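Below you'll find the structure, written out as structure tokens, and then a few comments.
Treat the numbers as computed from the prediction; the structure is a model and nothing was measured. In the text below, chain A, chain B and the rest are named by the order of the sequence lines, each starting its count at 1.
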Number of protein chains: 2
Amino acid sequence: MTVESTGAVEFEAYGPFAADCPARAALDLFASRWLPVVVWALRNGPMRPGELQRTIGGIRHKVLTDNLRRMENAGLVIRRRYAEAPPRVQYELTEAGQDLLEPIQAVGVWAYRHATTLQAMHAEEPD
Amino acid sequence: MTVESTGAVEFEAYGPFAADCPARAALDLFASRWLPVVVWALRNGPMRPGELQRTIGGIRHKVLTDNLRRMENAGLVIRRRYAEAPPRVQYELTEAGQDLLEPIQAVGVWAYRHATTLQAMHAEEPD
DNA sequence: CAGGATCCGACACGATACTG
DNA sequence: CAGTATCGTGTCGGATCCTG
């Protein structure tokens, strides 16, 4: 193994998430409620917006578009546009986007691992 | 290895992040801009609020308090209060909180791995 | 030192309607 | 079908002041 950039070493060099470190920017990505969900929905390959909306469920058309645009700007997805009669568009994960699946999955696994503990969060509202 | 709950199997059972699944609640945790940072700052052991604020840097007193309260309700931290002359308080990660360090680290590592790609996000504002 | 109470601003989201 | 525009809203965060 050469000096390939796995990122692990660089990250460990930092103590907490410094305000100027890349990791903070990454957390801001997660700060979007839907962005991780959209990324996860794209894990099996390119999808069209409508298909995405149906697959995810509960997300508004505009919100999905907003997130896709942000993801595109962040370099997480590539937007493929096909000039056809009915305008067809497909979104595909970039390499960065695919690598993001791991952290997202880690969060998901963690969630199920402590599902019982986290139930308390929802149980907040008794009425 | 018995049927220990690693959470991995349960999570894989789901396709996308369903609206009612625990993973969505977990993502809502990350949706807080500071929460993961606070959790990460606590990785080495219990800390006092003031110490936390200094360590993290750039976080407001109230915001830190809000996040700590939310984390406490979510079962991520335990608040230890010592009835002394100068009121002393310490926050300590629960088991769920400690396990959350892994996903957070995963995001951090990912960030450095694709730091160059993510630079585009910041470079949005030329002025 | 810990933390609550407030007012305010930013931003993502929800909902609707409208253009290629 | 894909995307934009607009408006309203909720929530987190920033800033300030005040209480044990």
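Atom-to-atom, CG of B/L64 to P of D/dA15 comes out at 15 Å; the value is rounded to the nearest Å. For A/R81 and C/dG20, the CZ to C1' distance is 9 Å, given to the nearest whole Å. If you measure from atom CG of B/L52 to atom C1' of C/dA2, you get 12 Å, rounded to the nearest angstrom. Remark: P of C/dC11 and CG of A/D28 are 11 Å apart, rounded to the nearest angstrom. C/dA12 atom P lies 17 Å from atom CG of B/L27, rounded to whole Å. In this entry the distance linking CD of A/E84 with C1' of C/dG20 reads 16 Å, nearest Å. Residue A/Q53 contributes atom CD, which lies 11 Å from atom C1' of D/dA2 at whole-angstrom precision. Rounded to whole angstrom, the span from the CG atom of A/N73 across to the C1' atom of C/dA12 amounts to 16 Å.
Map A/P87 and A/D66 each onto its nearest nucleotide of DNA chain C; the residue landing nearer the 5' end is A/D66. Each of A/R69 and B/G58 lies near DNA chain D, and the nucleotide nearest A/R69 is the one positioned closer to the 5' end. With DNA chain D read from its 5' end, the first of the two nearest nucleotides for B/H61 and B/N67 is the one closest to B/N67.
Close to D/dG3, at under 4.0 Å from its OP1 or OP2, lies a side-chain N or O of A/R79. For D/dT11, neither phosphate oxygen OP1 nor OP2 lies less than 4.0 angstrom from any side-chain nitrogen or oxygen of B/W34. For the OP1/OP2 pair of C/dC13 and a distance below 4.0 Å, the side-chain nitrogens and oxygens of A/R60 include no atom meeting the criterion. A/R33 has no side-chain polar atom (N or O) that falls below the 4.0 Å cut-off from OP1 or OP2 of D/dC12. The phosphate of C/dG3 has OP1 or OP2 within less than 4.0 Å of a side-chain N or O from B/Y91.
B/T94 contributes a side-chain N or O that, together with a main-chain N or O of B/G75, makes up a donor-acceptor pair within less than 3.5 Å. Checked by atom type and distance alone, the side chain of B/R24 never pairs as donor or acceptor with a backbone atom of B/C21 at under 3.5 Å.
Taking the ring centroids of B/F30 and A/W110, they lie at or beyond the 6.0 Å cut-off. Aromatic pair B/W34/A/F17: ring centres not closer than 6.0 Å.
With distances taken from any side-chain atom of A/P49 to the nucleotides D/dA2, D/dG13, C/dC1, the minimum falls on D/dA2.
The base of C/dG14 sits with one of its N or O atoms less than 3.5 Å from a complementary donor or acceptor on the side chain of A/K62.
Here A/R88 lies out of heavy-atom contact (under 4.0 Å) with every strand.
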Subject >> Verdict with supporting geometry, B/I104 and A/V107, side-chain contact (heavy atoms from CB on, under 4.5 Å) >> reply: CA-CA 8 Å; B/I104 293 175; A/V107 176; over 6 Å; no

